[in-house]
Amino acid sequence: MSDSDNKEVSSEETKGENEEENKAETKEAGQTEEKEQDSSQAETNANTNADQATESSESKKPEKKGSKIGKKLGKKDSKVFKEEFSEVVETSEEPNPDALPENVFPLFMTSKTQEIYNCKCDEDVTEENPFKFIPKSDILEDMKMRAAVCDFHPFKQQILDYPGEDVLIVYDYDFKHGQNFIVALTEEAKELLLKAPEGEEGEGGEDGAEEEEDDTVYLYVPPEPKDWVSLGSEKEIEESNVKELRRKLKVSVKRLRREFGAPVSFADRNVTDVKDGAVDCTSYDDNSFNIKRIELDKAVQAISEQVTEGTQTDWKYPRNANTQTYPREYTEDEQAALLATKECGDFVLEVAFEFHQALQQNEIMNVFYVDWIHLGDGDDVFGSKADNHLKEYQSFTDLQFSKDKMITCIQWHPTIKGVVATSVAEKLSFDQRIDNAAKVIMTPSLILIWSFADPIHPQLILESPDDIFSFAFNPTDPNHIVGGCLNGQIVMWDIAAHADRLKQQRGSNRNKKRTVLPGFEDPNALKTPIVRYCAVSSIEHSHKAAVTDIQWLPDHMQINKMGVPQENASLQCTQLLSCATDHCVMLWDTKASKLQHTAMYDEKRKTQQPSGVADTFKHLDLTWKPILRVTLSKSEPGGDHAPTKFSIQERQGDRHALTSGTEHREADVTQTMQGGFHKPSSGKERTLQGVKTYIYVGTEDGEIVYVDWMPQKDQDTGKIQSKLFLLDMFYETSKSFLIMAGVFPPNLKHHKLDIFII
Amino acid sequence: MAAEVEETLKRIQSHRGVTGIIVVNCEGIPIKTTLDNSTTVQYASLIHSLTAKARSTVRDIDPSNDLKFLRIRSRKNEIMCAPDKEFLLIVIQQDEQS
């Protein structure tokens, strides 16, 4: 009701205000510019319903305002306040969009009020967020507190009547509605206001739209340009604009024309003379430089790792890993064919001479023999190498006895130094001997004994019945000499009587030098004595062929009839062995047998030896028989071995066989002195165990056989025979040779044999 | 083979110290020998090549010259060889004096 009243009032007031406005143009020219404009708009809209509408709408606003006015001030002060509020109302008559909805009134809130309600301008509420809900209770409190001072006082009743709890306050930044705030006093208004900012335009628009839709006349309203608000951009533009601050300067540079192209001379200037002669621009770390190098070009070089490698070639083609060669050879036929060619023959004949030359040169002398090195060799006294050459030292020849004679055997005198005995024989072959057998022997068969002092005259001459082919001195008694003849006989000599003659070695003039008393001269002094043999062996029992070798048995042993070697107590050589080409080896004993011994003494007185002949071996003469006979028979028939030389193990002087036995009997010295030849063997001598009873015999055929002189009983035949062994090894090589010398090795353990074969 | 040639070779062999004679043809294959086969073959091949080398040496020095006789003296023996266009005669002599 009041509203309608207010409406009327307001409408009147509005009209009046309009009139007043028109009147007050001049007064409020500046203030009401807008109003005029608005009024002009309003006038324009007066014709239409819009006018009404606007009026109505305007009336709404003023109504509200009027209501405010009405409430607040009453009608009395309405003019004053009208003027004040007329502006407000007029302002509220601003365009329709800005027309306040019903029960919405502008509210001025002082800063204090703003503080109280926390709705400070531009702080709590902003243009963008103009809404603020203030609790009703707070307002009421404030009203109680501040009463009339409170801004909400004019609306006290309405606020009390406000149904809701919160009252909406809308910040009016632009003072569109006259004050800085708008308050919605009813719920509906609140709703409207809430919607209003959004749709204020919308409302306005709606209203406008409604109005426009209602009106069929469209009115184009050009958009009003908004006032340009300076944001500072024009300053930038101003700055960038080039403005002439001063007049442009003009500079003219001239140069003399004649200097163009002229030679120019430059001069050096010392840099340090002038202050700014050199300008350094050293590099420095610029902190403001902050360009990061994102991409950097660097040089890259690839280096391969060092790798040790080896290569090996594959042999694709075959190659020789090993080679083996065979020599090319010709067959026999090819060789013969080649040899038979003329070229070969000529070639050989041609070059033969040179070969002979070369070979002979080598034979004559050794060209590489360095004389200088061997120059002092002959001056050495001891230790110089022996001269291999044999030089003739002395020759013994006797014109009478040894001329044209053959020396068959030569022996040294066992004791006297420088005495040699040689047996000479006729130089006749076997056939010649047969032819000459019937003739009387012209020259006697001799053994000549020489002394080195006298090469012309032999010291002694031994006479023998037949040519001696082998003889031997008795080692223990050198005055006894035994020899083997051509006919197989064994001959003995005793030269004891002439022994002193042999001892005289120096000078055949010795006899001359001796002062010889006249009358006592020895007629035979200068003549060489001839000694006749003193014993010969029995012809029947001796060898049937020429005795080729004869040796005395060593003095420490003797062999009995059974061939058992026994100890010789007398230590005198009494036995001897002889071999002949009648395949026999005989053992002779010079001691007389018992029977002979006794008989000898009987006969001794009866018979006498021819003068000059010793009777030492008288007991043997012509009756001498061998004790043992060993026949060298061959296993196969066709002749037996004809021994030429023999050798036995035992040596003269080597007495070890005596000690090898269990007992050792000392030699009986007394027996030796008496000459053991006369004493017969006692038969009690002990057997020598260590003596080998073999004789090694070299034969005429070149064979070497060894025979055991001790006959053993042959089991098959029951005969007592000596076993004979043949040394085969020499058979082949020496078949064509005649064994002339054989030496039995002292040490038979090795069974080695030193054979000298000529 | 001719008796003359045979006799000549015998005479050579009868010299003091001669241990062997070998007749070799131009290719180095032995034709006649007094030694055993293995030694002969060895001597033939070795001496043949050595003689060829010696001959080439002599002829290199003086092309008009030619090798006539080759003597090799060693400690134990001496080897003498006479080369020819087609044949080679080798004689080995032992050194008795040393």
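All heavy atoms count here, side chains included; hydrogens, waters and symmetry mates do not. Throughout, protein chains are lettered first and strands after them, A, B, ... in sequence-line order, and every chain is numbered starting at 1. All of these numbers come straight from a predicted model, not from anything done at the bench.
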Q.
Please determine whether the number of non-hydrogen atoms from other residues, nucleotides or ligands lying under 6.0 Å from atom CZ of F353(A) exceeds 12.
A. no
Q | Other residues, nucleotides, ligands: >12 heavy atoms within 6.0 Å of Q42(B) CD | A | no
Would you call [X] and [Y] a side-chain contact if the rule is heavy atoms closer than 4.5 Å?
{"X": "E363(A)", "Y": "Q93(B)", "result": "yes"}
{"X": "E334(A)", "Y": "I29(B)", "result": "no"}
{"X": "E343(A)", "Y": "D84(B)", "result": "no"}
{"X": "Y330(A)", "Y": "E27(B)", "result": "yes"}
{"X": "R71(B)", "Y": "E354(A)", "result": "no"}

Part of [X] within contact of chain A (heavy atom distance under 4.5 Å):
{"X": "V41(B)", "result": "side chain"}
{"X": "F87(B)", "result": "both"}
{"X": "K85(B)", "result": "neither"}
{"X": "E78(B)", "result": "side chain"}

Looking at [X] and [Y], what are the two nearest heavy atoms and their distance?
{"X": "G345(A)", "Y": "V5(B)", "result": "CA-CG2, 3.4 Å"}
{"X": "P30(B)", "Y": "Q335(A)", "result": "O-NE2, 3.4 Å"}
{"X": "F355(A)", "Y": "A82(B)", "result": "CE1-CB, 3.7 Å"}

Q: To the nearest 0.5 angstrom, please state how far the CG atom of N362(A) sits from the CD atom of Q94(B).
A: 11.5 Å
Q: Supply the atom-to-atom distance I31(B) CD1 to T341(A) OG1, rounded to the nearest 0.5 angstrom.
A: 7.0 Å
Q: Show your reasoning for whether side-chain contact (heavy atoms from CB on, under 4.5 Å) applies to K32(B) and L338(A).
A: CA-CA 9 Å; K32(B) 178 157 173 61; L338(A) 270 168; over 6 Å; no
Q: Side chain from CB out, backbone as N, CA, C, O: work out which of these in F347(A) comes under 4.5 Å of a heavy atom of chain B, or both, or neither.
A: side chain
Q) What residues of residues 12-24 of chain B sit under 4.5 Å from chain A when you count only heavy atoms? A) I12(B), H15(B), R16(B), V18(B), V23(B)
Q | Pairs satisfying ring-ring contact (aromatic ring centres under 6.0 Å, His included), at least one member in residues 18-68 of chain B, at least two apart | A | none
